[in-house]
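Only one structure is covered here, and it is reproduced in the block below.
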2 protein chains.
Amino acid sequence: MVKELETDLLAKGIRPTAMRLLVLDYLLKQSAAVSLNDLETYFLKADRITLYRTLKKFEDKGIVHKIEDGTSSVKYALCPESCYGMAYCDLHLHFYCTQCQNTFCLPKTRIPELQLPENYQPEEISLTVKGKCSNCS
Amino acid sequence: MVKELETDLLAKGIRPTAMRLLVLDYLLKQSAAVSLNDLETYFLKADRITLYRTLKKFEDKGIVHKIEDGTSSVKYALCPESCYGMAYCDLHLHFYCTQCQNTFCLPKTRIPELQLPENYQPEEISLTVKGKCSNCS
DNA sequence: GATAAAATGCAATGCAGTTGCACATGCTTA
DNA sequence: TAAGCATGTGCAACTGCATTGCATTTTATC
């Protein structure tokens, strides 16, 4: 099991340190996006900065993607397997539940085609929906 | 002219103080969304906190709406005339130009219908596109 | 003009993200 | 296996921005 995580990290060019394996394992078990604070709360013994840099590294290497859901804190979620170079990640939306305050990736909900005004050239799209998630509605 | 701005503010239940009239006048002249920092830079003599509270008040009363464009600073833009109770404002998208770093409201570009997974109930939608605006492309 | 309510200005706080630096750990090569 | 280098970690401190408390000033009302 841990072996698998190790090879996952190595495959992305990330040294599989103890902390990183723990964080990756944790991320794999979450259904909602994770903030730095969540990590801090879960890994009480770990250093905040290390967790911060772990997320940064994961983002850099394309293991997780950043989500700005309109709350004060940035969140991260594992990229879907098929996510290469963020191109795919840009195409799904994020759902922030106003009740349980979780943020969910909805990779199966693609962002529909947009008709921008003339000469506006899109490079990246971010779509966040607020409301009640399936557990809370 | 100032008289008009005054009645605008009064109509929304906002006392038309000198500062507020100046800020409103400034907002009316902008094509891009405005951050607190922009206001500070423009009104050198004014107090940062006052400007902050002015924007808050305007937002409260439905004169401007808040825009989180993914940059570190929150921006504000005047609501279109037809904007009542944010319902309308939720339906248009915001465009952040990576070159001139301005954020534009595109009220004429409506957000297409979304097909959310079962039991997800949307209340608010935020759609931000990054790319090159019509001036920079 | 007197009074109460609201706005303003200053100081200070809080929070999340970020950086610098010293130390520890892991990897590579001789 | 030991030496040496690159990388990761932990602590402290800083930054930028949002926000609040409080005393003072301004505005609306009578």
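In what follows, chains carry the letters A, B, and so on, assigned in the order in which the sequence lines appear, proteins first and then strands, with residues in each chain numbered from 1.
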To 10°, what angle do the rotation axes through the five end pairs on each side of the helix from C:dG1-D:dC30 to C:dA30-D:dT1 form? 30°
Closest-nucleotide ordering on DNA chain D, the 5'-leading residue of B:V74 and B:L10: B:V74
For DNA chain D, determine which residues of residues 43-56 of chain B have any heavy atom closer than 4.0 angstrom to one of its atoms, and list them numerically. B:R48, B:I49, B:Y52, B:R53, B:K56
Would you tell me if any nitrogen or oxygen in the side chain of A:S72 comes within less than 4.0 Å of OP1 or OP2 on D:dA18? no
Whole-Å gap separating P (C:dA5) and NZ (B:K57): 15 Å
Find out if a path of hydrophobic residues (ILVMFWY) with successive side-chain heavy-atom gaps under 4.5 Å connects A:L78 to A:Y96. no
Heavy-atom neighbours of B:Y26 OH exceed 12 at 6.0 Å: yes
In one Ile/Leu/Val/Met/Phe/Trp/Tyr side-chain cluster, 4.5 Å: B:I14, B:I49: no
How long is the line joining CG of A:L9 and P of D:dT7, in whole Å? 16 Å
Is B:I67 reachable from B:F95 through a run of hydrophobic residues whose side-chain heavy atoms are each under 4.5 Å from the next? no
Rounded off to whole Å, could you give me the CD1-to-C1' distance for the A:I14 and C:dG26 pair? 16 Å
When rounded to whole Å, the CG to P distance for the pair B:L39 and D:dA18 reads 11 Å
Look at the side chain of B:N37 and decide which nucleotide, out of D:dC17, C:dA7, D:dT9, has an atom nearest to it. D:dC17
For B:H94 versus B:T103, what's the shortest heavy-atom pair and its separation? CB-CG2, 4.3 Å
Considering all heavy atoms, the nearest A:V64-A:C79 contact: C-SG, 3.5 Å
Search all heavy atoms of A:T109 against all heavy atoms of B:Q115 and return the closest pair with its distance. CG2-O, 3.4 Å
Taking a hydrophobic cluster as the set of Ile, Leu, Val, Met, Phe, Trp and Tyr residues connected by side-chain heavy atoms closer than 4.5 Å, whether directly or through intermediates, do A:L127 and B:L93 fall within one such cluster? yes
